[in-house]
Amino acid sequence: MKFFLILVALSGLLHLPGAYASIPQQGCDPGFAPVIASDVCAQCSAGFFCAGGFLAPQPCAPGFHNQLPGQTSLSACLPCASGYYATNAGSVSCSACPAGYSCPNGITPVLCASGTYSAAASTSCTPCPAGSQCRNGTALPCPAGQYSAGSSSACTNCAVGEYVSSTGASQCAPCPRNSQCPSTTAAVLCAAGTYTAATGQTTCFPCPAGSQCAAGSDPQACAPGQFSAAGAASCSSCSAGSFSAAGSSSCTTCPAGSSCLVPASAPVPCAYGSISAAGSSACTACSSTTVSSANRTTCGPCPAGHTCTSATAAPSPCTPGSYAFTGSAQCTSCPAGFMCPSTTAAPLACSAGAYALGAATTCTVCPAGSFCTNTTSAPQACSAGSYSLAGAGSCTPCPTGHACPDPAVSPVPCAAGFYSSSLRATTCTACPSGYACANANLGPVACTLGQVCLFACFFVCLFVSLFVLGWLAPFNSTRCPTHPLFCSMSRTGQPVSPAPKVTDVRPAACQLSSVHLVPTLQPACPPAQRAPLDLTVLLRLALHLHA
């Protein structure tokens with residue numbers, strides 16, 4: 001091959017002026033070389049250099065080139081530029097490194113590794129760019145639905161719920177809201193009546209009830225007065241006599257007792273004097289003789305326990321102490337002598353011993369110390385000397401033997417030594433001196449005279465009787481004790497009886513003993529007995545008193 005090229009070069013040189021010269025005795029000049037089987041020197045061809053003399057032309061080594069003929073030294077061979085190569089020796093020029101190859105030494109192109117590529121005239125391979133796949137040194141863009149992050153020999157399919165519609169993508173995008181991605185190459189807007197609440201969905205879902213969904217849009221809540229079922233593209237209006245709040249899936253029937261003229265508004269309760277049935281858009285007025293019920297569903301007479309002054313006004317409850325039957329236009333005050341614990345029932349008569357003056361809810365028991373002649377009048381106070389307990393219809397005179405200082409308290413029995421012999425006493429009377437009050441119901445009983453003394457012993461007897469021996473009955477006494485020393489006739493000529501007990505400080509009878517000179521307890525003296533006027537007796541008495 002080299003020989004052939006030399007021949008070609010020599011043949012070309014034959015036509016060039018000065019390309020040949022006779023071989024001198026010392027050989028060819030530099031830049032020339034002897035032609036084989038001839039006696040001439042030929043100019044050195046491009047790609048070679050000729051040192052002269054009898055040396056043959058020397059080709060430039062692979063990776064080098066020489067574009068000029070007649071070169072005389074190796075320095076004429078120049079290395080291939082970066083990205084170029086010369087595979088053969090004696091190259092006149094270098095060739096550009098082909099795409100998909102690298103030419104690191106300028107001699108032989110090297111195919112790029114998988115995941116890399118190169119353009120023409122490249123000295124090295126470059127990592128595959130994002131969005132491409134590189135095989136055999138060539139970079140190809142990823143198709144729709146696939147992506148690469150770089151340095152890839154093959155593209156990767158997008159995940160479910162992701163897509164990429166263009167080529168050469170470095171990443172996939174999640175399927176947007178209100179779209180569906182059944183494939184990885186495109187996102188499709190949701191149809192009217194459907195939606196997706198999140199990204200990355202492969203299918204759309206029915207629009208929720210109470211909302212409307214335009215194509216590719218988020219759900220919008222239905223306005224008041226509208227409704228929608230699931231999967232609706234738009235909301236529908238409620239009919240008359242019904243209503244709905246915002247976001248309703250159905251309309252609600254207007255309740256009885258209210259009107260629903262505007263479906264977008266809440267039900268309006270019927271005014272007093274008007275009613276409505278369920279599903280009514282307006283209320284109907286009651287007749288002038290009736291009133292509406294509390295729930296405004298029926299018209300009827302005025303309810304018991306109320307007064308109805310106007311068909312358009314609410315019934316007013318009767319005040320306590322009055323009543324009204326069903327249908328009564330006015331409340332009636334409870335009459336005197338009756339009580340009205342309920343405003344809806346008939347009055348109840350007060351029982352005996354109680355009273356009510358009118359408009360009363362209860363009967364009042366006649367207080368103690370008063371009397372109630374009837375159930376319709378106020379109590380009257382008992383007069384002095386009479387009494388009554390609670391609930392009495394009349395006052396009772398205070399009985400004998402008792403006192404009634406307070407007409408509201410039961411009679412108080414007279415204490416010992418006091419008496420009350422007549423009715424209506426407010427206090428008991430103390431028994432006077434000289435009288436006995438053994439029975440508090442009776443008057444005082446005069447005590448019997450103890451003894452009548454002769455004139456000579458009168459003062460001694462009087463002193464002894466009154467101050468020493470207690471002849472006279474003391475104040476508040478219930479019995480009459482008798483003189484202990486002398487006996488006397490009673491005013492009636494009868495003896496005093498019965499004989500007192502030994503413990504009685506005032507013995508019932510007395511007599512001087514002619515022997516012992518001491519008092520003796522014994523029955524009263526006989527009717528005609530008198531104490532003799534005897535000085536001996538008097539002396540004995542004086543000695544006795546002195547002792």
Side-chain angles (χ1 to χ4, degrees), residues 241 243 252-262 265-382 388-395 408:
F243 70 98
T252 303
T253 301
C254 194
S258 299
S259 63
C260 297
L261 187 61
V262 180
S265 301
V268 179
C270 293
Y272 291 110
S274 60
I275 61 172
S276 72
S280 299
S281 59
C283 299
T284 303
C286 294
S287 64
S288 58
T289 59
T290 59
V291 295
S292 57
S293 59
N295 58 8
R296 313 293 188 277
T297 58
T298 57
C299 296
C302 190
H306 292 76
T307 177
C308 300
T309 57
S310 173
T312 59
S316 300
C318 293
T319 58
S322 63
Y323 67 96
F325 300 126
T326 300
S328 299
Q330 299 292 334
C331 297
T332 303
S333 179
C334 199
F338 290 83
M339 64 176 177
C340 297
S342 171
T343 59
T344 61
L348 302 176
C350 294
S351 59
Y355 70 98
L357 301 180
T361 57
T362 59
C363 295
T364 304
V365 176
C366 197
S370 302
F371 68 97
C372 298
T373 56
N374 54 60
T375 59
T376 61
S377 301
Q380 301 180 41
C382 291
S388 69
L389 302 181
S394 61
C395 297

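Just so you know, these numbers use all the heavy atoms, side chains as well, and skip hydrogens, waters and symmetry mates. Numbering of residues begins at 1 and proceeds along the displayed sequence.
Across every non-hydrogen atom of Cys302 and Thr307, the tightest pair is SG-C, 3.8 Å. Between Cys363 and Phe338, the closest heavy-atom pair is SG-C, 4.4 Å. For the residue pair Cys270 and Arg296, the shortest heavy atom distance occurs at O-NE, 3.3 Å. Nearest heavy-atom pair across Thr376 and Leu357 is O-CD2, 3.6 Å. Considering every non-hydrogen atom in both Ser274 and Ala271, the closest pair reads OG-O, 2.7 Å. Of all non-hydrogen atoms in Pro267 and Cys254, the two that sit nearest each other are CB-SG, 4.3 Å.
Side-chain contact check for Cys308 versus Pro303: some heavy-atom pair is nearer than 4.5 Å. Here the side chains of Phe325 and Pro301 are not in contact, with every heavy-atom distance at 4.5 Å or above.
Of the possible polar contacts, one joining the Ser276 side chain to the Gly257 backbone as a donor-acceptor pair under 3.5 Å is found. The closest donor-acceptor contact from the side chain of Ser388 to the backbone of Ser370 lies under 3.5 Å. Side chain of Ser293 to main chain of Thr297: a donor-acceptor pair is present (N/O by atom type, distance under 3.5 Å, no hydrogens or angles). Without hydrogens or angle criteria, Ser377 side chain to Asn374 main chain gives no donor-acceptor distance under 3.5 Å.
Interatomic distance, CE of Met339 versus OG1 of Thr364, reported as 10.5 Å (0.5 Å rounding). For the atom pair SG (Cys366) and CG (Leu389), the distance works out to 11.0 Å, reported to the nearest 0.5 Å. Atoms CZ and SG, on Phe371 and Cys382 in that order, are 6.5 Å from each other to the nearest 0.5 Å.
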### Query
Going through the distances and angles, do Val291 and Cys286 end up as a side chain to side chain contact (heavy atoms under 4.5 Å, CB included)?
CA-CA 6 Å; Val291 295; Cys286 294; over 6 Å; no
### Message
The test is side chain to side chain contact (heavy atoms under 4.5 Å, CB included); show your working for Ser259 and Val268 and say whether it passes.
### Response
CA-CA 5 Å; Ser259 63; Val268 179; 3.9 Å; yes
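With respect to Phe243, the side-chain contact (heavy atoms from CB on, under 4.5 Å) criterion is satisfied by exactly one of Ser265, Pro255, Ser258: Pro255.
Counting only residues at least two apart or on different chains, the side-chain hydrogen bond (donor to acceptor under 3.5 Å, both in side chains) pairs with a member in residues 332-359 are Ser342-Thr344.
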